[in-house]
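For reference, the structure is listed below as structure tokens.
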2 protein chains.
Amino acid sequence: MTTMKATQERAQAKVEYNAFLAACPSRRLLDRISDKWVVLILCALGGDDSPRQPGAAHADAPKAMRYSEISRLLAGVSQKMLTQTLRSLERDGLLTRTVTPTVPVTVSYELTDLGLSLHHMTRGLRSWAQTHMAEVLENRENYDARTS
Amino acid sequence: MTTMKATQERAQAKVEYNAFLAACPSRRLLDRISDKWVVLILCALGGDDSPRQPGAAHADAPKAMRYSEISRLLAGVSQKMLTQTLRSLERDGLLTRTVTPTVPVTVSYELTDLGLSLHHMTRGLRSWAQTHMAEVLENRENYDARTS
DNA sequence: GAGAGAAACTTCCTTTTAGGAAGTAGACAC
DNA sequence: GTGTCTACTTCCTAAAAGGAAGTTTCTCTC
């Protein structure tokens with residue numbers, strides 16, 4: 001009972017915010033992009049999985065990949081999540097899904113121009129992670145040592 | 001029983017991958033970065049919350065913010081998640097947490113240089129979202145119309 | 001001096017989400 | 001006709017997120 005007013009204000013703010021959120025799709029789109037499987041799939045389809053020097057000029061091959069190829073490359077992903085994420089990316093127009101009726105059906109995925117433009121951003125994230133990883137790990141150790 | 005071998009291979013691959021994953025912190029770091037609250041907090045502390053023209057030269061003010069300010073700005077976040085995310089960002093050395101023993105204790109958060117460098121990347125994501133939002137929404141509508 | 005109030009958290013409980021394992025289709029190879 | 005392949009779907013359990021209330025320590029009011 002002590003924080004009645006504060007709680008009420010918080011609830012009020014939430015209602016206002018929810019309305020704002022519903023009206024602000026860019027926030028929601030940002031939520032969708034900030035998903036680890038989305039970023040990893042974009043990296044995979046963008047075509048650089050081996051650690052490469054950032055800044056080096058290399059072709060951004062928007063290579064098409066099969067379902068099983070992606071699955072193998074991002075081996076940590078469950079089939080369910082992979083399918084789910086690929087579908088939502090297709091829905092958003094970031095990649096195309098092509099079914100070839102071969103012996104066992106073949107499905108290939110390829111980045112669209114839109115997907116490729118996003119890939120450029122996520123590739124920045126990726127190279128940031130590679131560049132600053134050591135620093136972050138050191139910070140973590142220091143922090144843990146301080147607080148243990 | 002039909003997919004015994006395939007399942008075994010998958011399990012095998014998973015074991016190998018998990019070892020790889022444990023040994024490859026950049027993948028894990030990428031997972032951490034690809035978190036919606038991380039991105040939003042970085043945007044907040046970077047100091048541009050109003051929609052601004054991307055590309056316009058404006059100061060990247062790494063302004064310090066209080067807990068309650070951030071909470072208000074990202075009103076959708078629960079207090080628990082905010083505290084949790086801020087702690088982990090502090091642990092990673094992306095921001096500093098300063099406690100000032102005023103009347104009710106005041107805690108302020110500020111991006112470090114490392115955090116600021118990541119902020120530049122996430123700001124790119126943000127502006128991408130704002131730029132291409134309309135296109136994505138259109139794609140979604142088309143997709144839903146096609147598959148309904 | 002009893003009570004309210006404020007900031008920044010915790011704690012507890014519920015709901016949503018992700019992950020893992022197994023099942024499905026349909027054509028072919030043996 | 002049993003096994004195998006790809007690209008899924010379904011089901012169930014485990015982990016994470018969300019919401020609401022409680023906690024602490026001080027100070028100001030009446």
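The CG atom of A:L45 sits 4.5 Å away from the CD1 atom of A:I70 when rounded to the nearest 0.5 Å. Between the CE atom in A:M121 and the CZ atom in A:R126 there is a gap of 15.5 Å [rounded to 0.5 Å].
Rounded to an integer number of Å, the gap from NZ of A:K36 to C1' of D:dA16 is 12 Å. Counting to the nearest Å, the P atom of D:dT6 and the CG atom of A:L82 are 14 Å from each other. Remark: C1' of C:dG19 and CG of A:L74 are 15 Å apart, rounded to the nearest angstrom. A:R66 has its CZ atom 13 Å from the P atom of D:dC5, to the nearest Å. As rounded to whole Å, 14 Å separates atom P of C:dT11 from atom CE of B:M81. Atom CG of A:L40 is separated from atom P of C:dA18 by 14 Å (rounded to the nearest Å). Residue A:K80 contributes atom NZ, which lies 17 Å from atom P of C:dG23 at whole-angstrom precision. To the nearest angstrom, P of D:dC8 lies 14 Å from CZ of A:R72.
If you check D:dA21, D:dG18, C:dA7 against the side chain of B:W37, the one that comes closest is D:dG18.
Looking at residues two or more places apart in sequence or on another chain, you find a side-chain contact (heavy atoms from CB on, under 4.5 Å) between B:E135 and A:L114, B:H132, B:N139. With sequence neighbours left out, B:T102 forms a side chain to side chain donor-acceptor pair (under 3.5 Å) with B:T106. Listed by chain and number, the residues in a side-chain contact (heavy atoms from CB on, under 4.5 Å) with A:V107 are A:R97, A:V99, A:Y109 (sequence neighbours excluded).
No hydrogens or angles considered: a donor-acceptor pair under 3.5 Å links the side chains of A:Y67 and A:T83.
Closest approach of A:A44 and A:L73 over heavy atoms only: CB-CD2, 3.6 Å.
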Would you list the atom pairs, donor with acceptor, under 3.5 Å between side chains in residues 88-96 of chain B and any protein atom, with sequence neighbours excluded?
from, atom 1, to, atom 2, distance (Å)
B:S88, OG, B:R32, NH2, 3.0
B:S88, OG, B:T85, O, 3.0
B:R91, NH1, A:D144, OD1, 2.9
B:R91, NH1, A:D144, OD2, 2.5
B:D92, OD1, A:R140, NE, 2.5
B:D92, OD1, A:R140, NH2, 3.3
B:D92, OD2, A:R140, NH2, 3.3
B:D92, OD2, B:R32, NH1, 2.8
B:T96, OG1, B:E110, O, 3.3

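Shown for residues 83-98 of chain B: residues whose heavy atoms fall under 4.0 angstrom of DNA chain C, namely B:T83, B:R87, B:R97.
Comparing A:D35 and B:S68 against DNA chain C, the residue whose closest nucleotide sits nearer the 5' end is B:S68.
At least one donor-acceptor pair under 3.5 Å links the side chain of B:E69 to the backbone N or O of B:R66.
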Would you tabulate the pairs of protein nitrogen or oxygen atoms and nucleotide nitrogen or oxygen atoms of nucleotides 25-30 of chain D closer than 3.5 angstrom?
none

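For the OP1/OP2 pair of D:dC8 and a distance below 4.0 Å, the side-chain nitrogens and oxygens of A:Y109 include at least one atom meeting the criterion.
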